[in-house]
Chemist: 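Below is a structure I'd like to ask you about.
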Protein chains: 2
Amino acid sequence: MPPASTAATLPTLRWIGEIDGCLALIDQTLLPVECREIECRTAEATWEAIKSLRVRGAPAIGVAAAYGVCLGIQSVRDRPEAELFARLSKVCDYLATSRPTAVNLFWALDRMRRTGESLRGKTPVAEIAARLLAEARAIEEEDRRMCRAIGRHGAELFADNSGVLTHCNAGGLATADYGTALAVIFAAHEAGKRLHVFADETRPLLQGARLTAWELLQRGIETTLICDSMAAQVMREGRIAAVIVGADRITANGDTANKIGTYSVAVLARHHQIPFYVAAPSSTFDFSIASGVEIPIEHRNPQEVTHGFGRQTAPTGVAVYNPAFDVTPAELIAAFVTERGVIRPPYLEYLRILREPN
Amino acid sequence: MPPASTAATLPTLRWIGEIDGCLALIDQTLLPVECREIECRTAEATWEAIKSLRVRGAPAIGVAAAYGVCLGIQSVRDRPEAELFARLSKVCDYLATSRPTAVNLFWALDRMRRTGESLRGKTPVAEIAARLLAEARAIEEEDRRMCRAIGRHGAELFADNSGVLTHCNAGGLATADYGTALAVIFAAHEAGKRLHVFADETRPLLQGARLTAWELLQRGIETTLICDSMAAQVMREGRIAAVIVGADRITANGDTANKIGTYSVAVLARHHQIPFYVAAPSSTFDFSIASGVEIPIEHRNPQEVTHGFGRQTAPTGVAVYNPAFDVTPAELIAAFVTERGVIRPPYLEYLRILREPN
């Protein structure tokens, strides 16, 4: 295992070596106290890293899963075509069970599966694994470009010298690089705008405190950490000009699944007449689902709430409700910031554009 | 120190012995893992217990402070009258510095001071300490009766088989006995109504998880613990018919200071058209203040947010905003439940009634 390092030198995830290489990723469960990489050498290790939130954030999960497919077929890459494709299909099915809500996971796995199918019977078996690795690398590279484009398009939304609130982590750690919601903040900051960011700590797993505050400080952006219950108060004090969050899945009508607590922030923003923005790449849009009620919501272990940080903080035996996500209805969203531009209501019209090929 | 015990056998606080006795109170910072009393033998120990939240909740703070006055004058109770009264005044001023927001603290201290003054020059010095102890006991006893009356008046607000959400702890642990917001739930439960209570965990200090969930389970009431950020979601799912909370100070126009996050819940309740109730004794009403903007808000140690669970969960050096309270404007409050009855808008008219002697 490589030694602990600073984030500046480590990307969220990276493929090490060539076709027989491995996936290295920052173990985000150790942040902010320690920034250390782990190496996934099997599809199972990748599944565990996604399930345990060592890598999290919808776009980053997609990239990790694509590399997980490459790991899953390593041992059969010189076997007969039928065997290779049987394994490819099995590995994709398996990785899809790691987390149910973020659509980028399924999108990336579909893409790997389709890439494989497109080569079947046409390409020498010996080359297929290399082509799949190239596809995973392409997904990663596109994610980087997408993040930069989201930042570029969204930066105009923030005025100089203004306060921005964000929830959970939609930063560089949630993507291959640079982030989605935080990309907009980073791009505005790089364009010379002075922003003051309020980061919701984001219970139960504190991605806002552990990851977002850490990323913002690393880039020298003024940051104040608050508990989720304080967002309404800072809004009331007039300290927030805009809210921006990421997304795990956006349905055809614009309803948006994101980290639990996002819906709460959206309602509070509406009450205080503050615009609420969602930043996400087009791979987060799921046009197969008409509205948010159809999105499967992951429910996580009650111990995340009752024993959040290694200590019991609730009475033994209490029932716990611990959904990982909620759905913000489209009518509370002022605009989507995508790699293709800022999309404002009415969404039904504009979202149709995203369905078309780039 | 007495051995750890179960709550059923221990009141929130109690005076042990007579005039040279001491104040025993459950150290609430140890709950829910351990239910243990500590004994305060000085005003300083009482101040520390209030400041450190070993005893908390506006009514309980008032009772504890009254007993703290008795402890503070123990050593001078046989001294000349001038010396006794000088100490009484000093002890009251000192205890008032323990926490700035809950008005019951100042109300109880004023009452002790006024009781002392009414005896000055009329009562043998040797009797004054005993009369002050009797006054503290009266404050405690009135608090018990008040809680029961609040429960009785409020129980009608909840329908059978309905969901109720509460924030922080306004239960038996926040009062001498039985609670304010939880008193209403307890009384409805005792009247045979089946309630399902959702308890906000209440970051940063988790009074909802540690204290409210514990009290509700002890009384056999169906309870589900949620993170503060999940309240909006359970409301949206139609699982909440009413919200009820306690209060630390209510101004002449009905604006209400209570634990940080209360305002957030009130806004969310309004958005979901759920009635939001505040339960508090008349000692919580501060008619000397016209509206909520004048209430001093206590700001607490950033470490409550960054090292909340005994472990560092935020990057070193991040700024933290940690107000202990927020103010819910009167227009978001459907009714106040007091020991004199349920008060509904328009408040200006009805609150006037509370100013009159009982």
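Being a predicted model, the structure only gives us computed values, none of them experimental. Throughout, a chain's letter reflects where its sequence line sits, starting with A, and its residues are numbered from 1.
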Chemist: Name the member of A:Met235, A:Arg270, A:Lys259, A:Arg311 that forms the most heavy-atom pairs with chain B at distances under 4.5 Å.
Modeler: A:Arg311
Chemist: Hey, which of B:Val267, B:Asp326, B:Leu206 has the most heavy atom pairs under 4.5 Å with chain A?
Modeler: B:Val267
Chemist: Rounded at 0.5 Å granularity, tell me how far OH in B:Tyr321 sits from CZ in A:Arg239.
Modeler: 5.0 Å
Chemist: If you count heavy-atom pairs under 4.5 Å with chain A, which of B:Leu268, B:Thr262, B:Thr202, B:Leu216 comes out on top?
Modeler: B:Leu268
Chemist: If you define the side chain from C-beta out and look only at heavy atoms, does anything of B:Val318 sit under 4.5 Å from A:Leu217?
Modeler: yes
Chemist: Would you mind checking which part of B:Glu237 comes under 4.5 Å of any heavy atom in chain A, side chain (CB onward), backbone (N, CA, C, O), both or neither?
Modeler: side chain
Chemist: Mind listing the closest non-hydrogen atom pair of B:Thr223 and A:Ala319 along with its distance?
Modeler: O-CB, 3.4 Å
Chemist: Just wondering, do A:His271 and B:His271 contact through their side chains at under 4.5 Å, heavy atoms?
Modeler: no
Chemist: Got A:Val320 and B:Thr224 here, is their nearest side-chain heavy-atom distance under 4.5 Å?
Modeler: no
Chemist: Roughly how far, to the nearest 0.5 Å, is OG1 of B:Thr313 from CG of A:Leu205?
Modeler: 11.5 Å
Chemist: Specify which of A:Glu304, A:His272, A:His167 makes the most heavy-atom pairs with chain B at under 4.5 Å.
Modeler: A:His272
Chemist: Which answer fits B:Pro32, side chain, backbone, both or neither, if we ask what part of it has an atom under 4.5 Å from a heavy atom of chain A?
Modeler: side chain
Chemist: In Å and rounded to the nearest 0.5 Å, what is the CZ to OG1 distance from B:Arg210 to A:Thr306?
Modeler: 14.5 Å
Chemist: So for A:Gln207, is it side chain, backbone, both, or neither that comes closer than 4.5 Å to the heavy atoms of chain B?
Modeler: neither
Chemist: Any donor-acceptor pair under 3.5 Å linking the side chain of A:Arg236 with the backbone of B:Val327?
Modeler: yes
Chemist: Need one label for B:Arg203: side chain, backbone, both or neither, based on atoms under 4.5 Å from any heavy atom in chain A.
Modeler: both
Chemist: For a quick test of reading the model, state the closest non-hydrogen atom pair linking A:Ser229 to B:Ser264 and the distance between them.
Modeler: O-CB, 4.0 Å
Chemist: At a 4.5 Å cut-off on heavy atoms, which part of A:Thr316 comes close to chain B: side chain, backbone, both, or neither?
Modeler: backbone
Chemist: Could you tell me whether the side chain of A:Val305 reaches within less than 4.5 Å of the side chain of B:Cys227, counting heavy atoms only?
Modeler: yes
Chemist: Which region of B:Ile260, side chain (C-beta onward) or backbone (N, CA, C, O), has a non-hydrogen atom less than 4.5 Å from a non-hydrogen atom of chain A, or is it both or neither?
Modeler: both
Chemist: Heavy-atom distance under 4.5 Å to chain A: side chain of B:Pro302, backbone, both or neither?
Modeler: neither
Chemist: Of the backbone (N, CA, C, O) and the side chain (C-beta and beyond), which part of B:Glu201 lies under 4.5 Å from a heavy atom of chain A, both, or neither?
Modeler: side chain
Chemist: Pick whichever of A:Ala199, A:Ala232, A:Pro315, A:Gly261 has the most heavy-atom pairs under 4.5 Å with chain B.
Modeler: A:Pro315
Chemist: Any side-chain heavy atom of B:Pro204 sitting closer than 4.5 Å to one from A:Met230?
Modeler: yes
